[in-house]
Enquirer: 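Take this structure first; my questions come after.
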Amino acid sequence: DAGVTQSPTHLIKTRGQHVTLRCSPISGHKSVSWYQQVLGQGPQFIFQYYEKEERGRGNFPDRFSARQFPNYSSELNVNALLLGDSALYLCASSGLGLAGVNTEAFFGQGTRLTVV
Amino acid sequence: GIQVEQSPPDLILQEGANSTLRCNFSDSVNNLQWFHQNPWGQLINLFYIPSGTKQNGRLSATTVATERYSLLYISSSQTTDSGVYFCAVESQTGANNLFFGTGTRLTVIP
């Protein structure tokens, strides 16, 4: 079985541009979450989607948006890129267990975004 | 949100030595996971352990949920164990996402 796949693996963008990152979850998982990891820190939560609905949102500006498709894959969009958006963007795939608790999360290899 | 503290922040070991990494959290949790992040950024799942004890080869983990901490034990360390170890928790109250600690950077020298 394929794990969580993300594309592209690396990306260089100019300030002010927009970017779209993509993620395909593990087969059978209906939840996708996005995290941002800047150098030297732990990942920070951006969004979670479950069954195409937003289930949670972290403390990120409205320049960040996401969506989930009927096949449970997801896109993260970032508009008006800033230098500070340079980071590793990680996608996690999980299921939903009893009482709405997330099951074990598995991460993709990440997309390394550099804004110049 | 929930606070997650990991210690020590940095650890240097001789190959073959044992180590214990600690994760403290400030609220009751539904979910606790330990990850190893390799130099390429990939987060590798080590344990899904909201409570109890688990073992996998040279690694084991214990979570004492009532006292809000988890320990990761690495025995007979190898150079391939080097990297950053993260603890991540999902709070029972509030957001349905993982909160990560700041990590422990482990360096194993031959």
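Atoms considered below: every heavy atom in the structure, side chains included; atoms not considered: hydrogens, waters and symmetry mates. Below, chain A is the first sequence line, B the second, and so on; all start at residue 1.
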Enquirer: Check the surroundings of atom CD1 in A/I12: do more than 12 heavy atoms from other residues, nucleotides or ligands lie under 6.0 Å from it?
Expert: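 For A/I12, atom CD1 is not crowded (no more than 12 foreign heavy atoms under 6.0 Å).
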Enquirer: Membership question, hydrophobic clusters at under 4.5 Å side-chain separation (ILVMFWY): are A/V4 and A/L21 in the same one?
Expert: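 Looking at the clustering, A/V4 is in a separate group from A/L21.
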Enquirer: Side chain, backbone, both or neither: which part of A/Q41 has a heavy atom under 4.5 Å from chain B?
Expert: backbone
Enquirer: Chain B: which of A/P43, A/G110, A/G40 shares the most heavy-atom pairs with it under 4.5 Å?
Expert: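 Ranked by heavy-atom pairs under 4.5 Å with chain B, first place is A/P43.
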Enquirer: I'd like to know if the side chain of B/N97 reaches the main chain of A/F47, judged simply by a donor and an acceptor atom lying under 3.5 Å from each other, with no hydrogens or angles considered.
Expert: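 No, B/N97 side chain to A/F47 backbone: no donor-acceptor pair under 3.5 Å.
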Enquirer: Which residues in residues 71-88 of chain A have any heavy atom lying under 4.5 Å from a heavy atom of chain B?
Expert: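 The list, in residue order, reads A/L88.
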Enquirer: CG/A/L90 to CZ/B/F35 distance, rounded to the nearest 0.5 angstrom?
Expert: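 The CG atom of A/L90 sits 10.0 Å away from the CZ atom of B/F35.
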Enquirer: Can you list the residues that meet the side-chain hydrogen bond (donor to acceptor under 3.5 Å, both in side chains) rule with A/Q68, with sequence neighbours excluded?
Expert: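 Listed in chain order: nothing, the list is empty.
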Enquirer: Any idea which heavy atoms bring B/E90 and A/N102 closest together, and the distance?
Expert: OE1-ND2, 3.1 Å
Enquirer: Which one of A/G97, A/A105, A/S33 has the most heavy-atom pairs closer than 4.5 Å to chain B?
Expert: A/A105
Enquirer: Ignoring hydrogens and angles, tell me if any N or O in the side chain of B/Q42 forms a donor-acceptor pair with the backbone of A/F107 under 3.5 Å.
Expert: yes
Enquirer: Any chain of hydrophobic side-chain contacts (each under 4.5 Å) joining B/I2 to B/I49?
Expert: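 The answer is yes; both residues are in one hydrophobic cluster.
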Enquirer: Should we count CD of A/E54 as having more than 12 external heavy atoms under 6.0 Å?
Expert: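 Counting neighbours around CD of A/E54, more than 12 heavy atoms of other residues, nucleotides or ligands fall under 6.0 Å, so yes.
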Enquirer: Under a 4.5 Å heavy-atom cut-off, does chain B meet the side chain of A/Q44, its backbone, both or neither?
Expert: neither
Enquirer: Within the supplied structure, the quantity of interest is the number of heavy atoms (other residues, nucleotides, ligands) at a distance under 6.0 Å from B/R105 CZ; does it exceed 12?
Expert: no
Enquirer: Shared ILVMFWY cluster between A/W34 and A/F106, side chains joined below 4.5 angstrom?
Expert: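 Different clusters.
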Enquirer: Heavy-atom cut-off 4.5 Å, strictly under: side chain, backbone, both or neither for A/S31 against chain B?
Expert: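 No part of it gets close to chain B.
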Enquirer: Given a strict heavy-atom distance threshold of 4.5 Å, which part of B/Q37 is in contact with chain A: side chain, backbone, both, or neither?
Expert: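 For B/Q37, the contact with chain A is made by the side chain alone.
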Enquirer: Is it the backbone or the side chain of A/Y50 that comes under 4.5 Å from a heavy atom of chain B, or both, or neither?
Expert: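 Neither; nothing under 4.5 Å.
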Enquirer: Please indicate whether A/R15 has more than 12 foreign heavy atoms, meaning atoms of other residues, nucleotides or ligands, lying under 6.0 Å from its CZ.
Expert: no
Enquirer: How long is the span from the CH2 atom in B/W40 to the OG1 atom in A/T9, to the nearest 0.5 Å?
Expert: 14.5 Å
Enquirer: Group every Ile, Leu, Val, Met, Phe, Trp and Tyr by side-chain heavy-atom contacts under 4.5 Å, then state whether B/L72 and B/V84 land in the same group.
Expert: no
Enquirer: Which atoms of B/I44 are under 4.5 Å from chain A, going by heavy atoms: the side chain, the backbone, both sets, or neither?
Expert: neither
Enquirer: Tell me, for A/R57 versus chain B, whether the close heavy atoms (under 4.5 Å) come from the side chain, the backbone, both or neither.
Expert: neither
Enquirer: Treating Ile, Leu, Val, Met, Phe, Trp and Tyr as nodes and any side-chain heavy-atom pair under 4.5 angstrom as an edge, say whether B/V29 and B/F99 lie in one connected cluster.
Expert: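 Yes, B/V29 connects to B/F99 through the hydrophobic network.
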Enquirer: Can you name the closest pair of heavy atoms from A/G42 and B/F86 and give their distance?
Expert: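 Here A/G42 and B/F86 meet closest at CA-CE2, 3.4 Å.
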Enquirer: Please report the interatomic distance CG(B/L98) to OG(A/S94), rounded to the nearest 0.5 Å.
Expert: 8.0 Å
